[in-house]
Number of protein chains: 2
Amino acid sequence: MFPSRLLEKWWLRAFIALVIFFVWQLFYAINRVQSLEEERATLQATIEVLTRKSDGLRTQIFEKERNLVRLNGKVEEIDTQIRDHLSLLPRVNRSTPFIYFITPTHFRAAQRADLTRLSYTLSHVPNLHWIVVEDSDELTPSIAGILKRSKIPNTHLNARTPSDQKMRYDDPNWTLPRGVEQRNRALLWIQNQLSGVKEGVVYFGDDDNTYDLKIFGEMRKVKNAGVWPVGIVGGMFVETPILEKNGSISHFNAVWKPERPFPIDMAAFAVNISLVLSNANALFSFDVPRGYQESTFLENLGIHRYNMEPLAEMCTKVYVWHTRTEKPKLSKESIDRLTKKTGFNSLEAHALGVDN
Amino acid sequence: MFPSRLLEKWWLRAFIALVIFFVWQLFYAINRVQSLEEERATLQATIEVLTRKSDGLRTQIFEKERNLVRLNGKVEEIDTQIRDHLSLLPRVNRSTPFIYFITPTHFRAAQRADLTRLSYTLSHVPNLHWIVVEDSDELTPSIAGILKRSKIPNTHLNARTPSDQKMRYDDPNWTLPRGVEQRNRALLWIQNQLSGVKEGVVYFGDDDNTYDLKIFGEMRKVKNAGVWPVGIVGGMFVETPILEKNGSISHFNAVWKPERPFPIDMAAFAVNISLVLSNANALFSFDVPRGYQESTFLENLGIHRYNMEPLAEMCTKVYVWHTRTEKPKLSKESIDRLTKKTGFNSLEAHALGVDN
């Protein structure tokens with residue numbers, strides 16, 4: 001149909017070339033549109049992914065925000081709870097060695113009161129294990145209650161003093177040695193239960209003494225056996241070691257039996273637990289002369305004046321007082337009931353800690 | 001140049017139409033490419049924005065994460081600090097009314113010791129304001145130190161007992177009324193400084209008594225005047241109101257001067273601060289018969305047995321004991337120094353709280 005002679009015309013050839021060029025351009029453009037549309041799809045997918053990620057991040061932020069609010073609430077709550085009255089003592093690590101605070105205790109009018117207020121002092125002390133040993137045939141529920149409420153890690157034991165070693169109500173407190181069976185019970189418990197313990201310090205703390213919280217910081221310094229002044233004891237304002245200029249112990253200022261190896265009160269020293277664990281024979285005894293309990297115990301641990309560590313700022317401060325709670329002036333009938341530990345009405349039983 | 005007759009040929013017209021179609025298509029395609037390229041630029045910009053936002057969100061997450069780690073660390077730190085021995089008392093709100101705990105105190109061998117251990121009890125009590133009033137000519141620095149270390153909100157005052165009303169070292173403790181000037185000083189301070197206070201309770205707490213923390217919960221219940229049993233007081237195991245079956249106070253079990261309007265100890269009651277603020281004349285006095293301080297004060301506040309609130313589980317529990325710290329057996333020379341408050345060496349001064 002197409003007249004072949006026409007192809008020989010120059011303008012027709014040029015025209016056809018132009019058409020081919022346009023067609024080529026057109027294909028190129030269509031191709032480009034296709035690739036751009038693909039690219040657009042990719043980009044839109046990327047945006048979708050990014051938006052999803054963004055949502056994910058926002059969710060994360062929301063959750064973290066919630067955690068922050070929760071934690072802030074908790075911090076504030078704790079803060080309210082402890083404000084004004086926490087950190088009476090500096091912080092310790094969980095790994096700080098424990099103080100094993102041994103308290104022998106016997107039934108009397110103020111036993112519940114004295115243990116109650118002692119628990120409020122000790123509950124300020126971190127890493128302290130309170131070993132309470134009752135002079136009784138069985139554990140007293142009210143004392144278990146004091147220990148529980150104190151939230152102090154504790155061990156509640158009992159050991160009865162033989163009746164021939166018991167004092168009567170009107171005996172002066174020095175008539176017979178006190179707390180012998182109870183301290184030994186605690187020492188044996190330590191030897192049995194804590195044989196693997198490498199660090200720690202053992203202290204004998206009576207239930208009516210008064211402890212400045214600073215004394216517990218001093219106890220933690222004890223490497224061997226530490227010693228410090230004690231207030232209001234032995235008829236003096238302070239009993240204390242007297243130090244040489246070089247810081248070693250020269251003698252003690254005690255006026256009663258100053259010839260004793262260690263003329264000091266039970267409250268005046270603490271020993272490293274390793275000494276207690278390696279000297280199973282170091283116990284208290286009814287068979288030592290009056291006033292020699294401390295000396296005998298310390299000597300059995302291998303302590304000498306020269307290897308004792310003077311603490312409490314080189315024995316210039318008093319952080320423990322040998323306070324004693326006064327025995328109430330009671331009628332003969334009341335003394336009788338107290339001695340027999342019976343015949344109380346329920347309110348009296350609560351006051352004295354003999355209820356359940 | 002172009003042979004016009006050619007235009008009349010049908011195939012040429014068709015051919016030209018085809019060319020125009022292709023050109024149109026080409027322009028359309030180029031147009032589409034341009035718009036797609038613009039769209040691509042927009043999308044890329046969007047992606048850039050989203051990426052930047054994402055980075056921003058990641059930064060936020062990082063910061064929140066850091067905050068969380070910090071807060072977690074703080075919670076853990078606090079936890080370490082308080083573990084085992086916090087929350088001996090239930091929490092209170094910051095708005096819980098205060099207990100104004102008035103402690104009259106006088107110099108003696110165990111003053112520093114007694115105030116020290118009392119501070120460790122009170123420091124467990126939230127929303128308690130401790131008003132310590134010394135029987136002295138000036139404030140004692142060591143007592144200020146005890147107050148400061150206790151972190152208890154406090155007011156430290158002094159008021160000297162007239163010398164003709166002072167007891168000698170060997171006088172029994174009941175010879176003369178105690179703490180008259182000091183309690184009045186505290187009451188006047190409350191009237192002057194807390195006149196705008198609407199809620200709160202006032203309690204007189206001696207420095208050698210023993211307080212179960214539960215007593216502070218009882219105090220917070222006081223609407224008018226609360227009363228409860230006290231252990232080891234008046235030669236008895238417990239002094240207490242005796243209640244009728246309907247819960248009102250019938251009488252008291254005191255054996256000494258039971259005819260007194262309120263035969264109870266200072267430790268046995270607490271009163272609402274509004275009563276103290278509205279009865280400026282309710283003060284203590286040296287001019288009342290022995291044992292009538294409590295009765296006179298309560299009567300001046302307009303309290304009668306019938307409007308007193310029996311607390312401590314209807315007076316079936318003992319949460320406070322009138323313990324007394326024993327006076328040490330001292331030499332005549334030591335008693336002389338104690339009475340004159342002079343002649344102590346620096347260690348004795350520290351034990352007795354007369355150092356600086």
Side-chain angles (χ1 to χ4, degrees), chain A residues 19 22-23 25-26 29-30 32-33 36 39-40 43 46-47 50 53-54 57 60-61 64 67-68 71 74-75 78 81 84-85 88 91 94 109-110 113 116-117 120-121 123-124 151-153 210 212 229 231-232 235 237-238 240 317-318 321 323-326 328-330 347-348 350-352, chain B residues 19 22-23 25-26 29-30 32-33 36 39-40 43 46-47 50 53-54 57 60-61 64 67-68 71 74-75 78 80-81 84-85 88 91 109-110 113 116-117 120-121 123-124 151 153 210 212 229 231-232 235 237-238 240 316-318 321 323-326 328-330 347-348 350-352:
Chain A
V19 166
F22 273 117
V23 169
Q25 278 283 314
L26 187 60
I30 287 167
R32 180 105 182 92
V33 166
L36 274 171
E39 209 177 323
R40 183 178 63 174
L43 286 173
T46 307
I47 286 173
L50 278 172
K53 266 196 191 163
S54 182
L57 289 175
Q60 272 191 46
I61 287 179
K64 298 225 181 291
N67 268 334
L68 274 173
L71 270 175
K74 191 163 179 193
V75 166
I78 293 175
Q81 202 180 351
D84 304 331
H85 57 79
L88 294 182
R91 296 162 195 186
R94 278 171 192 267
T116 296
R117 73 176 150 185
Y120 298 150
T121 295
S123 66
H124 288 294
K151 305 198 178 174
I152 303 165
T210 301
D212 189 304
I232 332 179
F237 294 129
V238 193
T240 184
K317 302 288 176 200
V318 177
W321 294 265
T323 44
R324 298 181 48 78
T325 305
E326 202 174 87
K329 276 113 202 148
L330 296 169
L347 188 61
E348 289 173 332
H350 191 256
L352 303 175
Chain B
V19 166
F22 272 118
V23 169
Q25 278 283 315
L26 189 60
I30 286 167
R32 181 104 182 92
V33 165
L36 275 172
E39 210 178 322
R40 182 178 63 175
L43 287 173
T46 307
I47 287 174
L50 278 173
K53 267 195 191 163
S54 182
L57 289 175
Q60 272 191 46
I61 287 179
K64 297 225 181 291
N67 268 335
L68 274 174
L71 270 175
K74 192 164 178 191
V75 166
I78 293 175
T80 306
Q81 201 180 350
D84 304 330
H85 57 78
L88 294 182
R91 296 163 196 185
T116 296
R117 73 176 149 184
Y120 298 150
T121 294
S123 66
H124 288 294
K151 305 198 178 174
T210 301
D212 189 304
I232 331 179
F237 293 130
V238 193
T240 183
T316 63
K317 301 290 176 197
V318 177
W321 294 264
T323 44
R324 299 182 47 79
T325 305
E326 202 174 87
K329 276 113 202 148
L330 295 169
L347 188 61
E348 289 173 332
H350 190 257
L352 303 175

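Residue numbers begin at 1 in each chain, while the letters A, B, ... track the order of the sequences.
- Chosen from Thr116(A), Thr240(A), Ile61(A), Thr46(A), the residue pairing most often with chain B at heavy-atom distances under 4.5 Å is Ile61(A).
- The side-chain heavy atoms of Ser123(B) and Lys151(B), taken from C-beta on, include no pair separated by under 4.5 Å.
- Taking every heavy atom of both residues into account, Pro229(B) and Val318(B) meet most closely at CB-CG2, 4.2 Å.
- For Glu39(A), the part lying near chain B is the side chain, with the backbone staying farther off; criterion is any non-hydrogen pair under 4.5 Å.
- Looking at Val33(A) and Leu36(B), their side chains come closer than 4.5 Å, going by heavy atoms from C-beta outward.
- Here the side chains of Arg117(B) and Arg117(A) are in contact, with some heavy-atom distance below 4.5 Å.
- Interface remark: Leu330(A) contributes backbone and side-chain atoms alike to the contact with chain B (heavy atom separation under 4.5 Å).
- Looking at heavy atoms from C-beta onward, Thr323(A) lies out of side-chain contact with Glu326(B) at the 4.5 angstrom threshold.
- With respect to chain B, the highest number of heavy-atom pairs below 4.5 Å among Asp212(A), Val238(A), Leu352(A), Leu68(A) belongs to Leu68(A).
- With a 4.5 Å cut-off on side-chain heavy atoms, His124(B) and His124(A) count as touching.
- Counting heavy-atom pairs under 4.5 Å between each of Lys53(A), Gln25(A), Lys317(A) and chain B puts Lys317(A) at the top.
- Between chain B and the options Gly231(A), Pro328(A), Gly235(A), the largest number of non-hydrogen pairs under 4.5 Å is found for Gly235(A).
- When each of Thr325(B), Asn67(B), Ile47(B), Thr316(B) is checked for heavy-atom pairs under 4.5 Å with chain A, Ile47(B) comes out on top.
- Using a 4.5 Å cut-off between heavy atoms, Leu43(B) touches chain A through backbone and side chain atoms alike.
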